Amino acid sequence: MAFEKDFNLDATELRLGLPGTSDEQASTTLRIGNKRALPDMNEDSSVAAAKKCDQETAPPTKAQVVGWPPIRSYRKNNLQTKKTEVETCGMYVKVSMDGAPYLRKIDLKMYKGYPELLKAMEDMFKFKVGKYSEREGYNGSEFVPTYEDKDGDWMLVGDVPWEMFVNSCKKLRIMKGSEARGLGCVV
Amino acid sequence: MNYFPDEVLEHVFDSIASHKDRNSVSLVCKSWYRIERYSRRRVFIGNCYSISPERLIARFPGLKSLTLKGKPHFADFNLVPYDWGGFVYPWIKALAESGIGLEELRLKRMVVSDESLELLSKSFANFKSLVLVSCEGFSADGLAAVAANCRFLRELDLQENEVDDHRGHWLSCFPESCTSLVSLNFACLKGEVNLGALERLVSRSPNLKSLRLNRLVPLDTLQKLLMRAPQLVDLGIGSYVHDPSSEASNKLKHAIQRCKSIVSLSGFLEVAPRCMSAIYPICGNLTTLNLSYAPGLHGNKLTKLIQHCRKLQRLWILDRIGDKGLGVVASTCKELQELRVFPSDPFGAGNDAVTEEGLVLVSAGCPKLNSLLYFCQQMTNAALITVARNCPNFIRFRLCILDPVKPDPVTNQPLDEGFGAIVQSCKRLKRLSLSGLLTDQVFLYIGMYAEQLEMLSIAFAADSDKGMLYVLNGCKKLRKLEIRDCPFGNSALLEDVGKYETMRSLWMSSCEVTLGGCKTVAEKMPSLNVEIINESDQTEFNLDEGQKVDKMYLYRTLVGHRKDAPESVWIL
């Protein structure tokens with residue numbers, strides 16, 4: 001910068017503002033952009049690209065400046081893996097069983113899939129579900145797990161992918177006896 | 001003093017713990033030098049290339065504890081090639097061959113191979129303590145050797161290391177006879193450990209005070225470990241996801257409550273926020289809390305937790321806490337001394353981030369605050385001036401505004417006045433990191449007021465060489481200066497080359513210094529190593545003296561050029 005001031009290159013400098021104005025923002029941006037007089041020597045292509053970008057836009061975009069913000073790689077790597085984790089804020093739904101005096105609540109987010117959920121329900125209410133098949137629903141037990149979905153319809157647990165189920169399930173109900181058999185025949 | 005026998009002086013020196021003081025003692029006279037060197041047990045070497053292991057051993061034959069640091073600080077941010085150096089093997093080899101009874105080794109930013117760990121484990125019968133911070137190059141195999149061979153191991157502390165191979169049953173290698181463990185930290189390991197071996201190890205370690213687990217230790221194991229180690233003082237929880245209404249959760253709650261001595265808590269690498277209530281019973285005792293790896297904790301659950309921590313002195317947190325959350329910290333944690341706020345989303349829109357408001361609140365509520373690391377969206381001069389007034393006791397003040405050259409958003413001015421207020425008010429300031437839009441003016445203030453400053457980090461700042469000159473001329477106690485992307489050139493670099501001999505190191509990258517300038521420094525100061533680091537693929541360095549240097553790292557040394565530099569590093 002001192003070098004450039006001595007030779008009064010201000011008049012010929014490329015700026016973001018109107019001629020005659022001296023915008024601090026623009027000159028700062030330019031300072032970063034103008035740092036390298038020799039753009040292709042000793043430079044990472046990504047860094048060079050970042051510097052070219054600087055001259056066209058306002059403040060340098062964060063993602064393109066190497067080593068900024070100054071966070072240890074270890075920390076950055078560990079936070080990034082976390083971004084893909086589903087935040088566990090709990091998804092409690094009521095569970096009723098025909099004939100039981102009161103309802104229970106379980107957190108759907110605690111389970112990774114249907115087998116775990118069904119096992120938890122079996123433990124809670126002391127019953128056993130039958131064997132699931134797509135064609136016939138649950139066979140071999142008078143208890144059938146069902147749920148009420150977003151549309152208010154009573155659906156058989158297990159038909160749709162787990163994630164879809166978790167997102168659409170409003171209530172669980174363990175049907176028993178003749179009513180259950182009726183549901184098992186619904187397409 | 002000359003009439004005291006050596007043993008008396010030695011006894012007196014024994015009570016002098018600080019490295020600085022011991023160094024001063026050794027300079028008084030020849031006999032004090034001699035007595036001091038034979039009685040010295042702990043040595044700290046801030047730059048492993050400033051001295052050789054042979055000279056260390058020759059001077060301090062009674063050495064028991066060695067601390068070594070390798071790569072420059074900016075290596076943390078990927079600015080230094082991976083093969084730059086900092087190998088610990090030659091040190092271990094030399095110490096092993098010398099017969100020195102090494103008991104403790106603490107390394108930071110060094111390359112530690114499995115071979116070195118193996119050699120370490122077999123060479124020192126009384127080895128007690130290994131602490132590795134931000135190191136790399138080793139795998140679970142190296143750890144297995146340490147576990148198996150160090151019969152009196154007290155401390156194995158792995159902090160934020162990049163470990164190559166995460167498989168391996170190193171934990172099972174602790175023999176049944178090993179009952180001496182005081183501290184075990186393997187939070188940074190990504191692999192599974194043998195849970196049974198872990199439980200048995202903890203059971204037979206009555207002195208265990210510090211235990212930090214990795215993510216893959218399940219809840220029921222955590223509960224069992226806590227039941228067996230209620231004497232714990234420091235706990236790092238890996239995975240913390242459970243259903244609060246479950247039996248497992250109740251058992252865990254009970255186990256946690258038994259641990260009445262826990263004052264330091266960290267981890268929560270995986271966390272279900274609703275489960276935090278199980279922790280409340282021990283929160284009242286906590287002095288240290290590190291939640292900086294737990295982005296799942298925010299909002300009400302986080303602030304509720306903090307409201308239980310009235311005795312907190314050190315808090316590391318993510319910026320998801322928000323300004324409001326920092327307000328809760330301010331009103332709850334009156335004993336707070338150190339605060340670190342890390343960004344949870346470094347490149348994102350910053351919806352959850354903190355601003356100057358949070359910092360002002362904390363400064364008003366926590367008068368004992370003396371150490372700060374604060375990543376934020378924005379900062380104003382007014383806020384910094386207020387903070388400076390509220391907290392004149394800062395020893396460390398590191399501010400990082402995520403947008404590198406952002407001015408004060410209210411006035412559109414540079415942040416010179418704000419930082420100026422900080423250095424003027426905080427007379428004990430030792431470490432300072434600047435960010436935001438800054439001109440030469442801030443450096444004038446730093447040179448004038450920051451009399452105790454030892455370490456300064458500058459990025460995207462200043463208008464001219466004057467900035468750097470103000471600092472070099474004014475800060476008499478400066479030890480480490482690291483600069484990136486500033487318009488400092490040869491005239492600043494060459495103004496007073498003798499100054500660099502009074503410092504540990506100088507880093508300059510993406511500045512205006514040229515090869516010619518660096519060569520001049522190297523010529524005039526043979527006691528410095530001047531390294532040019534070139535990251536591009538070209539194998540030859542351009543020899544044009546007018547060529548600007550991408551990265552320069554210079555440091556004082558007593559042992560000349562190092563022999564282990566890779567091709568990308570040229571020592572002038």
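Just so it is clear, the structure is predicted and the values come from calculations on it, not from any experiment. Letters A, B, ... mirror the listed sequences (proteins, then strands); counts begin at 1.
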B:Asp76: what forms a salt bridge (charged side-chain N to carboxylate O under 4.0 Å, His left out) with it, not counting sequence neighbours? A:Arg72, B:Arg109

Do B:Arg274 and A:Tyr92 pass the side-chain contact (heavy atoms from CB on, under 4.5 Å) test, and can you show the C-alpha distance, the side-chain angles, and the key distance before you say yes or no? CA-CA 12 Å; B:Arg274 316 167 263 113; A:Tyr92 280 98; 3.2 Å; yes

Residue part contacting chain A, namely of B:Ser134, when any heavy atom lies under 4.5 Å: side chain

To the nearest 0.5 Å, how far apart are CD1 in A:Ile71 and CG in B:Leu402? 7.0 Å

Below 4.5 Å, heavy atoms only, C-beta onward: do B:Asp485 and A:Trp68 meet side chain to side chain? no

Atom pair SG (B:Cys188) and OH (A:Tyr74), whose distance is rounded to the nearest 0.5 Å: 5.0 Å

Chain A contact via B:Phe375 - side chain, backbone, both or neither, heavy atoms under 4.5 Å: side chain

Find the distance between CG (A:Asn77) and CD (B:Glu160) and round it off to the nearest 0.5 Å. 11.0 Å

At what distance, to the nearest 0.5 angstrom, does CG of A:Asp107 lie from OG of B:Ser246? 10.5 Å

Can you check whether A:Lys109 reaches B:Val241 side chain to side chain, under 4.5 Å on heavy atoms? no

Is chain A contacted by the side chain of B:Ile401, its backbone, both, or neither, given a heavy-atom distance below 4.5 Å? backbone

Could you tell me which residues satisfy salt bridge (charged side-chain N to carboxylate O under 4.0 Å, His left out) with A:Asp123, sequence neighbours excluded, listed by chain and number? A:Lys119

Heavy atoms, side chains only, cut-off 4.5 Å: are A:Arg75 and B:Ser292 in contact? yes

When the 4.5 angstrom heavy-atom criterion is applied to B:Phe74 and chain A, the contacting part is neither

Separation between CZ (B:Phe342) and NZ (A:Lys76), nearest 0.5 Å, reads 13.5 Å

